[in-house]
Amino acid sequence: MSEAVLLVGGRGTRLRPLTVTTPKPMLPTAGVPFLAHVLARARAAGIEHVVLATSYRPEVFSEHFGAGAGFGLAIDYVAETEALGTAGGIRNVSGLLTSGPDDPVVVLNGDVLSGHDIARQIAAHRAAGADATLHLTEVDDARPFGSCPTDASGRITAFLEKSPVPVSNLVNAGCYVLARRVIDAIPAGRPVSVERETFPALLAAGALVLGHVDDAYWLDIGTPAAYVRASADLVRGMAPSPALPGPPGEALVLPGAQVAPDAVIDGGTTVAATACVGAGATVSGSVLMEGSRVDAGARLSRSVLGRGASVGAGTVLDGVVVGDGAHVGAGNELVSGARVWPDAILPDRSVRFSTDEAG
Ligand code: GTP
């Protein structure tokens, strides 16, 4: 049986405050938890058994996905009592894998949105008889990633995690095919990083570690800007997902949402079933979670309203995260990078911002 390990145990600190209550892979993204897109893609690639390596808020995953029947998958869950890191998390679930020593096991980061062909990556791994085959993608700036130079045969020659001077723009894209025996050789019972320890050790030991370059859609959703973009790209169909709850388009307005007839919702915005958008408001490329509210004339772009968050009349938000239950009063203007903590209340501005005032 074809199987995969999904790494979903991280605390998602860069996405705070959204991840204070919800683990990053469970954040609503184009109307469903982000992980639903990953699971649906795994199933489409022929994977039948998935083990979720959880640590932070493990119950949120099992309560939502259960045994996996909704995806045609068998899903098992393992919770780390102390976070074991990426390789530690993989090793910790090995008792639930059924693959033989030389069989390929797919490992997916639970925070990567990728359109790459997983089945083709598995086939390349099998054909080469590799120990590990890493999906590589090309980025403009490799410094925040693991840089993976390859030789002419496609073999990875070095693994430089978050190097200030990356030697290649090909980076680790967070989807690995590992021979089962490689997983069993990871030290058990202590934190281990696949990026900083396992891959460099495999290279040092002369293992066959292949780079599988695929330049399909790829995005690591680790920051608020990336998360909101991933959601918008899914809604618009730029990132393919069998789990999108509706046809691709400019907006995903879920049944039950209340949107004023003259409000403009576009740029891949999602409006959750119990969210509400008032008269004359414009919402572009944003995520409005359950119970959130945008009052009349407010203008939101590339922003996230957490569960039950609200924005007063005429307020302008661009690239902002409003935490669960927080309220940004009327007439405010917040720009890129601002984060409003859950349940915070920003008062109304007594003098309203207007185009005339801005001069
Ligand atoms: P930041 O705190 O914002 O860096 O996010 P993160 O904690 O998710 O870390 P990172 O983005 O580096 O993690 C990459 C993937 O590995 C994500 O899918 C995480 O959920 C997962 N992950 C990170 N640390 C652990 C861990 O200790 N155990 C398990 N099981 N998964 C982990």
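One-based numbering, in listed order, for ligands and for the atoms of each. Residue numbers start at 1 and run along the sequence shown.
- Around ligand 1 you find Leu7, Val8, Gly9, Gly10, Arg11, Gly12, Thr13, Arg14, Lys24, Ala53, Glu80, Ala83, Leu84, Gly85, Thr86, Asn109, Gly110, Asp111, each with a heavy-atom distance below 4.0 Å.
- Between His125 atom NE2 and Leu134 atom CG the span is 10.5 Å, to the nearest 0.5 Å.
- Close placement of the Phe71 and Phe65 rings is indicated, their centers lying within 6.0 Å of each other.
- Taking the six-membered ring where the residue is Trp, Trp218 and Phe145 present perpendicular rings, their angle passing 60° and hence far from 30°.
- For Asp102 and Arg181, the salt-bridge test passes: some basic side-chain N is under 4.0 Å from an acidic carboxylate O.
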Which donor-acceptor pairs under 3.5 Å do the side chains of residues 310-319 make with protein atoms, sequence neighbours left out?
{"residue": "Ser310", "atom": "OG", "partner": "His327", "partner atom": "ND1", "Å": "2.7"}
{"residue": "Thr315", "atom": "OG1", "partner": "Gly329", "partner atom": "O", "Å": "2.6"}
{"residue": "Thr315", "atom": "OG1", "partner": "Gly331", "partner atom": "N", "Å": "3.0"}
{"residue": "Thr315", "atom": "OG1", "partner": "Asn332", "partner atom": "N", "Å": "2.9"}
{"residue": "Asp318", "atom": "OD1", "partner": "Ser301", "partner atom": "OG", "Å": "3.2"}
{"residue": "Asp318", "atom": "OD1", "partner": "Arg302", "partner atom": "NE", "Å": "3.3"}
{"residue": "Asp318", "atom": "OD1", "partner": "Arg302", "partner atom": "NH2", "Å": "2.7"}
{"residue": "Asp318", "atom": "OD2", "partner": "Arg302", "partner atom": "NH2", "Å": "3.2"}

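- Side-chain atoms of Thr274 and Glu290 include a donor-acceptor pair closer than 3.5 Å.
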